[in-house]
Number of protein chains: 2
Amino acid sequence: MKLITRETDYAMRALVYMARPKNSLVSVAELIKELKFPRPFLRKILQTLKRRRVLKSHKGKRGGFLLARPPEKIFLVDLIGIFQGPIELDECLFKKKLCPDVNVCLLRKKLQKIEAEVVAQLRSISIGSLRDERN
Amino acid sequence: MKLITRETDYAMRALVYMARPKNSLVSVAELIKELKFPRPFLRKILQTLKRRRVLKSHKGKRGGFLLARPPEKIFLVDLIGIFQGPIELDECLFKKKLCPDVNVCLLRKKLQKIEAEVVAQLRSISIGSLRDERN
DNA sequence: GACAAATGATACTAATATGGTATCATTATA
DNA sequence: TATAATGATACCATATTAGTATCATTTGTC
Ligand code: FES
Ligand code: FES
């Protein structure tokens with residue numbers, strides 16, 4: 001079972017790389033040179049991040065991407081939300097069918113608790129913190 | 001993102017249904033009558049549980065399945081292990097490639113912590129506890 | 001002993017999610 | 001105006017999940 005997919009992971013690492021004091025434009029060419037990700041896949045990922053306002057972009061020659069906000073304010077949980085959908089560990093697989101009572105269901109309550117903890121932990125991980133502790 | 005798949009969920013509910021004081025044989029016919037799961041799918045699931053020693057079975061006419069141990073000793077985390085493989089939220093997606101140093105990686109440490117918490121919570125959920133709090 | 005009702009074993013199929021490519025349009029700069 | 005970049009979008013490949021189908025084996029009942 002995976003908590004983060006490859007897409008999320010690529011996104012995260014690209015963002016860590018881009019989290020420079022200067023916050024200048026970084027092109028896909030530069031990123032893949034450094035990170036060795038498949039180019040078109042990374043392109044798609046960055047375009048998604050742009051659409052979701054995590055990155056800004058500049059088109060045309062000498063264009064590229066840059067962070068839309070400080071790396072301390074970009075959290076892993078945001079990236080998971082973008083690439084894997086919202087975390088809903090407690091979602092009931094039975095919905096309308098045989099589900100006894102969603103509000104009373106013990107299993108659901110337990111899973112909700114787990115989810116809350118996971119999200120809290122994930123919120124403590126920012127691109128900034130990951131960059132700072134890179135070795 | 002799902003913590004438990006449908007297979008795990010079906011297994012869990014079937015086990016809760018079977019967790020009766022008497023622990024007598026229950027046939028697939030009875031289970032699907034009560035739980036409305038797809039018959040061949042449930043059959044496969046129960047056979048897996050048998051193989052993994054969560055259930056015992058009795059073949060032939062009037063046969064069926066019964067719990068191999070008390071419901072208080074069957075945990076959700078066991079079922080996840082059987083149907084979804086071991087929980088490895090912290091698995092590195094880069095392995096040999098660009099992975100800097102598995103032992104130092106901050107992300108990995110954080111994910112390990114999350115995983116430990118999730119597993120601990122999951123261990124507190126047994127078939128017995130789920131049955132007792134059913135409404 | 002024959003039949004029926006159950007599980008055992010196993011192979012196959014369908015649907016969905018994930019990982020990744022390919023192509024062409026648009027824009028900015030030199 | 002050529003070039004180097006992103007924008008948009010459609011497509012393809014692989015893995016996982018969900019489910020079916022079939023036949024063999026066992027066992028209780030008449
Ligand atoms: S069965 Fe639906 S919330 Fe528990
Ligand atoms: S990159 Fe491999 S453990 Fe962090």
Side-chain angles (χ1 to χ4, degrees), chain A residues 1-14 18 24-33 35-66 68 79-80 82-88 91 93-94 97, chain B residues 1-11 13-14 18 24-33 35-66 68 79-80 82-86 88 91 93-94 97:
Chain A
M1 203 180 40
K2 278 178 301 188
L3 195 53
I4 62 178
T5 64
R6 193 165 286 199
E7 224 176 347
T8 303
D9 201 328
Y10 284 170
M12 187 184 60
R13 287 167 207 274
M18 295 169 76
S24 50
L25 283 171
V26 179
S27 69
V28 170
E30 181 180 345
L31 282 165
I32 61 167
K33 194 173 171 191
L35 301 170
K36 322 283 185 196
F37 300 156
R39 185 186 186 113
F41 196 31
L42 179 58
R43 248 159 69 63
K44 198 171 65 167
I45 290 168
L46 296 181
Q47 285 176 12
T48 301
L49 288 171
K50 154 80 191 301
R51 246 179 292 117
R52 303 298 295 267
R53 321 243 168 167
V54 175
L55 292 177
K56 288 177 179 169
S57 68
H58 196 70
K59 286 176 85 172
K61 203 165 179 175
R62 310 222 48 170
F65 297 88
L66 49 76
L79 304 180
I80 292 178
I82 289 171
F83 294 105
Q84 307 171 217
I87 296 177
E88 296 184 302
E91 200 185 5
L93 298 173
F94 287 86
K97 294 189 185 174
Chain B
M1 203 181 41
K2 277 178 303 186
L3 195 54
I4 61 179
T5 64
R6 192 166 287 201
E7 224 176 347
T8 304
D9 201 328
Y10 285 171
R13 286 167 208 275
M18 295 170 75
S24 50
L25 283 172
V26 179
S27 70
V28 170
E30 180 180 346
L31 282 165
I32 61 167
K33 194 173 172 191
L35 301 170
K36 321 284 184 193
F37 301 155
R39 184 186 188 114
F41 196 30
L42 179 58
R43 245 158 72 63
K44 198 171 67 167
I45 290 168
L46 295 181
Q47 285 176 12
T48 300
L49 288 172
K50 153 79 191 301
R51 245 179 293 116
R52 302 299 294 267
R53 320 243 169 169
V54 175
L55 291 178
K56 289 179 181 169
S57 69
H58 195 71
K59 287 176 83 171
K61 203 164 181 174
R62 311 220 50 173
F65 296 87
L66 49 76
L79 304 180
I80 292 177
I82 289 171
F83 294 104
Q84 306 172 218
E88 296 184 301
E91 200 184 6
L93 298 173
F94 287 85
K97 292 189 186 173

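Below, chain A is the first sequence line, B the second, and so on; all start at residue 1.
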[X] [atom1] - [N] [atom2] separation (whole Å):
| X | N | atom1 | atom2 | answer |
| --- | --- | --- | --- | --- |
| A/D9 | C/dT18 | CG | C1' | 14 Å |
| A/F65 | D/dA5 | CZ | C1' | 9 Å |
| B/L66 | C/dA6 | CG | P | 15 Å |
| B/Q47 | D/dT25 | CD | C1' | 12 Å |
| B/I32 | C/dA6 | CD1 | C1' | 13 Å |
| A/R52 | D/dT6 | CZ | P | 21 Å |
| B/I45 | C/dA9 | CD1 | C1' | 16 Å |
| B/I82 | D/dT17 | CD1 | C1' | 17 Å |

*Establish, with yes or no, whether the OP1 or OP2 oxygen of D/dT26 is under 4.0 angstrom from a side-chain nitrogen or oxygen of B/K61.*
no

*Taking OP1 and OP2 of C/dT7, is either one under 4.0 Å from a side-chain nitrogen or oxygen of B/S27?*
no

*Choose from C/dA9, D/dG28, C/dG8 the nucleotide whose nearest atom is closest to any side-chain atom of B/R51.*
C/dA9

*Just compare D/dA8, C/dT29, C/dT7 and give me whichever is closest to any side-chain atom of A/H58.*
C/dT29

_Check: A/M1 and B/L3 side chains under 4.5 Å, non-hydrogen atoms_ = yes

*Within a strict 4.5 Å, meaning less than it, do heavy atoms of the A/L49 and A/L79 side chains meet?*
yes

Considering only nitrogen or oxygen atoms on both sides, find all protein atoms under 3.5 Å from nucleotides 18-21 of chain D and state each distance.
| from | atom 1 | to | atom 2 | distance (Å) |
| --- | --- | --- | --- | --- |
| D/dA18 | OP1 | B/R6 | N | 3.2 |
| D/dA18 | OP2 | B/R6 | N | 3.4 |
| D/dG19 | OP1 | B/R6 | NH1 | 3.2 |
| D/dG19 | N7 | B/K44 | NZ | 3.1 |
| D/dG19 | O6 | B/K44 | NZ | 3.0 |

*asked:* By the 4.0 Å heavy-atom rule, please label A/G60 as base, sugar-phosphate, or nothing.
replied: base

*Taking side-chain hydrogen bond (donor to acceptor under 3.5 Å, both in side chains) as the test, write out the residues that go with A/K50, two or more places apart.*
A/S57

*Can you say whether the rings of A/Y10 and A/F37 are parallel (under 30°), tilted (30 to 60°) or perpendicular (over 60°)?*
parallel

_Trace of the side-chain contact (heavy atoms from CB on, under 4.5 Å) decision for A/L31 with A/M18_ = CA-CA 8 Å; A/L31 282 165; A/M18 295 169 76; 4.1 Å; yes

*Report the residues that fulfil side-chain contact (heavy atoms from CB on, under 4.5 Å) with A/I32, sequence neighbours left out, ordered by chain and then residue number.*
A/V28, A/R39, A/L42

*Would you mind telling me which residue lines up with the more 5' stretch of DNA chain C, A/K59 or A/Q84, judged by nearest nucleotide?*
A/Q84

*Measure across A/I45 and A/A11 and return the closest heavy-atom pair with its distance rounded to 0.1 Å.*
CG2-CB, 3.8 Å

